[in-house]
Visitor: 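Below is a structure I'd like to ask you about.
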Amino acid sequence: MPTLSEVLLTALKDHGAREIFGIPGDFALPFFRYIESTGILPLHCLSHEPGVGFAADAAARIHKGLGVACVTYGAGAFNMVNPVAGAYSEKSPLVVISGAPGKGEKGRGLLLHHQAKTIESQQRVFEEITCAQAILDDVRTAPREIARVLRACLDESRPVYIEIPRDMVAEPCEPVQPLPPRRGDPGAARAAAAEILDRLKEAKKPALLIGVEVRRYDIEEEVAQLARRLNIPVATTFMGRGLLAEADAPLVGVYMGMAGKPDVSEIIEESDGLLMLGVILSDTNFGVSGRRIDLRHAMLAADGEVSLGYHKYPALPLADVVAELLAQAEPPPAAEALRRPQRQVCPTGLDADDAAVGPMDIARAVNDLFAASGPMPIASDMGDCLFTAMDIVNTALVAPGYYATMGFGVPAGIGLAAATGRRPLILVGDGAFQMTGWELGNCLANGWAPVVIVFNNASWEMLRTFQPEGSYNNLAEWRFADIAQALGGCGHRAAARRELKAALDAAMADEARFHLIEVMLERGAISDTLSRFVATIKGSNQPPRE
Ligand code: TPP
């Protein structure tokens with residue numbers, strides 16, 4: 001009979017996991033030995049648990065399946081609370097596996113090292129930010145527990161928590177029988193789809209707004225097909241940027257309300273039949289709309305239910321609704337011209353001169369690069385780099401667009417490299433790089449060679465835009481390019497546009513190691529999108545007028 005460790009690893013693989021990111025500790029070492037000796041899934045060790053969590057989250061996002069982060073009890077797992085909270089809020093199916101004290105070690109009357117308050121404190125903390133939990137302390141129930149938790153992870157597209165006591169890893173255990181995906185009532189799906197299609201038919205200006213769940217449930221192709229069949233314009237939310245990047249769909253761009261492009265805002269805000277698929281109703285996706293969308297009249301399929309105006313169809317998974325919409329939607333009449341909305345026009349043609357680089361020059365340079373060498377998947381941190389990414393041509397993008405944690409970019413780029421085998425582009429501010437940039441030191445040994453653009457404005461610039469007077473927003477000028485070589489990569493400092501172009505060319509010519517391009521930006525030089533975003537947020541945060 002296999003061991004509990006082998007059973008867990010095989011179940012992870014059967015549920016779509018492709019690799020494990022981790023950092024061991026004594027409570028996790030016995031399980032790590034099994035990860036390595038069985039070779040069921042490759043293991044990538046990083047340097048700090050936040051990096052582990054972000055990398056596994058990004059892998060889950062790009063795989064459209066499970067990401068796995070494996071850590072030790074207490075000091076390791078608590079270090080990962082922030083990335084797991086982010087994955088929960090942004091609906092990323094991340095499996096947290098934590099080693100734990102052995103069953104025989106509990107109840108000795110001694111406090112165990114890494115214990116915060118009680119032995120169960122860690123589990124209780126993670127209960128708040130995961131959708132299902134299991135403690136594998138009984139081999140008779142373990143296969144069912146593993147099946148339940150992994151099914152929930154995929155069905156809800158949220159993190160789950162598995163704790164494995166260190167004296168259980170070698171126990172013989174029956175294999176896991178995977179559970180079927182959760183389905184909705186077919187009658188409810190038919191009725192909801194019929195009602196949605198009726199409303200769309202009645203509308204003079206129907207439109208589709210799509211969000212991250214479309215990728216999480218792997219239905220991008222179906223949604224693209226639906227948009228073509230309905231022949232209506234599609235926008236993505238801020239968080240959904242990158243969706244339908246490779247699909248043939250009437251995509252108009254990213255909806256960001258008053259902070260976005262006016263033509264896209266008009267299509268969404270003036271629609272009298274707005275269908276939102278897999279959209280998270282967050283302030284970054286919607287607050288910037290200045291409440292110009294009347295959510296009471298919009299149609300929303302997300303979070304496992306469908307809301308149509310004042311009534312709901314509960315327990316209806318997004319994939320079921322989309323499948324039924326596709327089954328019922330009639331193709332547009334032959335006479336109707338197929339909508340080919342103009343895709344977003346992104347800035348190109350960097351002048352490689354001696355002028356100082358601004359954020360929009362970075363977008364321009366990257367667009368030129370993608371036009372010449374093909375697009376790369378992008379991992380972006382929070383900060384102006386993410387707003388700049390809105391002017392980069394639509395390509396696969398992972399970013400904390402709603403939860404907005406810093407520190408995501410570099411480890412998420414590593415997650416993309418490990419998960420896809422492709423070379424990613426990482427966009428990161430200097431403040432965020434200070435948090436997790438060291439993880440680049442793990443690239444050489446693993447064969448990852450990201451191209452990293454650090455937006456170095458010696459500042460927490462996003463915060464400065466909200467509160468310009470605070471001197472605490474000034475950062476010291478770290479010389480990031482200089483550390484690249486010591487970490488096994490190659491560094492470039494670019495203050496002039498000519499230097500930026502040369503650095504990108506050098507990075508593309510060398511795929512053997514990571515390239516860190518430190519772009520020197522003036523404090524206060526921000527992207528067009530960030531300046532609109534800040535103006536909008538500042539406006540909407542004003543106290544209501546009497
Ligand atoms: N800590 C975390 C983990 N996440 C956060 N979002 C913040 C603090 C608050 N915060 C939001 S933006 C920001 C801070 C501190 C500054 C970001 O600075 P940088 O990465 O240099 O990007 P820039 O704003 O300069 O573009």
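Not measured: the values here are computed from a predicted model. Quick note: residue numbers are just sequence positions, from 1.
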Visitor: Report yes if the side chains of I35 and I20 come closer than 4.5 Å at any heavy-atom pair, otherwise no.
Guide: yes
Visitor: Can you see which heavy atom on A56 is nearest to which on V68, and at what distance?
Guide: CB-O, 3.4 Å
Visitor: Salt-bridge test for K91 and E156: reply yes if a basic N is under 4.0 Å from a carboxylate O, no otherwise.
Guide: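 Not counted as a salt bridge, because no side-chain N and carboxylate O are separated by less than 4.0 Å.
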Visitor: Check the pair Y255 / F238 against ring pair (Phe, Tyr, Trp, His ring centres under 6.0 Å), numbers first and verdict last.
Guide: CA-CA 6 Å; Y255 171 68; F238 181 52; over 10 Å; no
Visitor: Starting from the C-alpha separation in whole Å, work towards a yes-or-no answer on side chain to side chain contact (heavy atoms under 4.5 Å, CB included) for I40 and L12.
Guide: CA-CA 9 Å; I40 294 169; L12 288 166; over 6 Å; no
Visitor: Looking at every non-hydrogen atom in both residues, tell me the closest pair between V214 and I210 and how far apart they are.
Guide: CG2-CB, 4.2 Å
Visitor: Strictly by modelled atom types, are D185 and Y313 linked by a side-chain donor-acceptor pair under 3.5 Å?
Guide: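 Distance-only check fails for D185 and Y313.
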Visitor: To the nearest 0.5 Å, tell me how far L416 CG sits from M376 CE.
Guide: 10.5 Å
Visitor: Taking all non-hydrogen atoms of both residues into account, name the closest pair between V264 and A235 and its distance.
Guide: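 Minimum heavy-atom contact is CG1-CB, 3.9 Å.
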Visitor: Hey, could you give me the CG/CG distance between L275 and L325, rounded to the nearest 0.5 Å?
Guide: 6.5 Å
Visitor: To the nearest 0.5 Å, what is the distance between CE on M299 and CD1 on I196?
Guide: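 Result: 6.5 Å between the selected atoms.
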Visitor: Out of curiosity, F387 CZ to S527 OG, how far, rounded to the nearest 0.5 Å?
Guide: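 Rounded to the nearest 0.5 Å, the CZ-OG separation comes to 7.5 Å.
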Visitor: Here's a test for you: under side chain to side chain contact (heavy atoms under 4.5 Å, CB included), which of L46, N446, T436 qualifies with I414?
Guide: L46
Visitor: Evaluate the salt bridge (Lys or Arg N to Asp or Glu O under 4.0 Å) criterion for residues R148 and E145: first the C-alpha distance (whole Å), next the side-chain angles of each, then the deciding distance (0.1 Å), finally the verdict.
Guide: CA-CA 5 Å; R148 173 181 65 81; E145 284 293 277; 2.8 Å; yes
Visitor: Is any side-chain heavy atom of E19 closer than 4.5 Å to one of H63?
Guide: yes
Visitor: Between R229 and L326, is there a donor-acceptor pair closer than 3.5 Å when you use the side chain of the first and the backbone of the second?
Guide: yes
Visitor: Just wondering, do L8 and V176 contact through their side chains at under 4.5 Å, heavy atoms?
Guide: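 Counting from C-beta outward, V176 and L8 never come under 4.5 Å.
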Visitor: Are any non-hydrogen side-chain atoms of V254 and T237 less than 4.5 angstrom apart?
Guide: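 Result no, sub-4.5 Å side-chain heavy-atom pair not found.
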Visitor: I'd like to know if R532 pairs up with D528 as an ion pair, taking the criterion as any Lys NZ or Arg NE/NH1/NH2 lying under 4.0 Å from an Asp or Glu carboxylate oxygen.
Guide: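 A salt bridge is absent here (no side-chain N lies under 4.0 Å from a carboxylate O).
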Visitor: Whether the side chain of R228 engages the backbone of D248 through a donor-acceptor N/O pair (distance < 3.5 Å, no angle test) should be reported.
Guide: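 Such a contact is found between R228 side chain and D248 backbone.
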Visitor: Go through the steps for I392 and L427 under the test side chain to side chain contact (heavy atoms under 4.5 Å, CB included), then give the verdict.
Guide: CA-CA 11 Å; I392 292 177; L427 306 176; 3.9 Å; yes
Visitor: Hey, does V96 have a side-chain heavy atom less than 4.5 Å from the side chain of F126?
Guide: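 Yes, at least one pair of side-chain atoms sits under 4.5 Å.
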Visitor: With a 6.0 Å cut-off (strictly less than), is the heavy-atom count around CH2 of W460, excluding the residue itself, greater than 12?
Guide: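 Count not over threshold, so no.
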Visitor: Sub-3.5 Å donor-acceptor pair from the side chain of S92 to the main-chain atoms of A87, do we have one?
Guide: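 The answer is no, because no donor-acceptor pair under 3.5 Å joins these two groups.
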Visitor: Do S47 and N442 pair up side chain to side chain, a donor and an acceptor below 3.5 Å, judged on atom types alone?
Guide: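 Side chains of S47 and N442: pair found under 3.5 Å.
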Visitor: Between the main-chain N or O of G407 and the side-chain N or O of D381, is there a donor-acceptor pair closer than 3.5 Å?
Guide: yes
Visitor: Determine, step by step, whether V398 and F408 satisfy the side chain to side chain contact (heavy atoms under 4.5 Å, CB included) criterion, reporting the C-alpha distance in whole Å, the side-chain angles of both residues, the deciding distance to 0.1 Å, and the verdict.
Guide: CA-CA 9 Å; V398 295; F408 180 88; 4.1 Å; yes
Visitor: Could you check Q122, Q123, Q133 and say which one makes a side chain to side chain donor-acceptor pair (under 3.5 Å) with Y161?
Guide: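 For Y161, the side chain to side chain donor-acceptor pair (under 3.5 Å) test succeeds with only one of Q122, Q123, Q133, which is Q122.
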Visitor: I'd like to know if the side chain of R216 reaches the main chain of E90, judged simply by a donor and an acceptor atom lying under 3.5 Å from each other, with no hydrogens or angles considered.
Guide: yes
Visitor: Do side-chain atoms of R199 reach the backbone of G273 as a donor and acceptor pair under 3.5 angstrom?
Guide: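 Not confirmed, R199 side chain does not pair with G273 backbone.
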Visitor: Any side-chain to backbone donor/acceptor pair from E49 onto F78? Under 3.5 Å, distance only.
Guide: no
Visitor: Atom CG of N367 and atom CG of D391: how far apart are they, to the nearest 0.5 Å?
Guide: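 Rounded to the nearest 0.5 Å, the CG-CG separation comes out at 8.0 Å.
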Visitor: Flag yes if more than 12 heavy atoms outside K13 fall under 6.0 Å of its NZ atom; otherwise flag no.
Guide: no
Visitor: Is the backbone N or O of L386 less than 3.5 Å from a side-chain atom of R241, with the two atoms forming a donor-acceptor pair by type?
Guide: no
Visitor: Within the side chain of D384, is there an N or O that forms a donor-acceptor pair under 3.5 Å with the backbone of I526?
Guide: no
Visitor: If we only count heavy atoms from C-beta on, is the Y217 to P317 side-chain gap below 4.5 Å?
Guide: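 They are not in contact (no side-chain heavy atoms under 4.5 Å apart), so the answer is no.
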Visitor: In Å, rounded to the nearest 0.5 Å, how long is the span from NZ of K64 to CD of E220?
Guide: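 With rounding to 0.5 Å, NZ (K64) is 5.0 Å from CD (E220).
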Visitor: Under 4.5 Å between any side-chain heavy atoms of N79 and V52, yes or no?
Guide: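 Answer no - side chains too far apart.
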Visitor: Can you name the closest pair of heavy atoms from M382 and T405 and give their distance?
Guide: CB-O, 3.6 Å
Visitor: Kindly indicate, with the supporting measurements, whether the criterion side chain to side chain contact (heavy atoms under 4.5 Å, CB included) is fulfilled by V410 and F433.
Guide: CA-CA 7 Å; V410 169; F433 191 91; 3.9 Å; yes
Visitor: Any salt bridge linking R124 with E127? Criterion: basic side-chain nitrogen under 4.0 Å from a carboxylate oxygen.
Guide: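 Result for this pair is no, no salt bridge flagged.
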Visitor: Using a strict cut-off of less than 4.0 Å between a Lys/Arg side-chain nitrogen and an Asp/Glu carboxylate oxygen, indicate whether R190 and E324 qualify as a salt bridge.
Guide: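 Salt bridge absent between R190 and E324.
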Visitor: Side chains of E128 and Y88: donor-acceptor distance under 3.5 Å anywhere?
Guide: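 The criterion, which ignores hydrogens and geometry beyond distance, is not satisfied for Y88 and E128.
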Visitor: Tell me the closest heavy-atom pair linking D320 and A189, and the distance in Å.
Guide: O-CB, 4.3 Å
Visitor: Could you tell me if the side chain of V160 sits less than 4.5 Å from the side chain of L94, heavy atoms only?
Guide: no
Visitor: Any idea which heavy atoms bring G86 and Y403 closest together, and the distance?
Guide: CA-CD2, 3.3 Å
Visitor: Determine yes or no for a side-chain-to-main-chain donor-acceptor pair under 3.5 angstrom, with T465 supplying the side chain and M462 the backbone.
Guide: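 The answer is yes, because a donor-acceptor pair under 3.5 Å joins these two groups.
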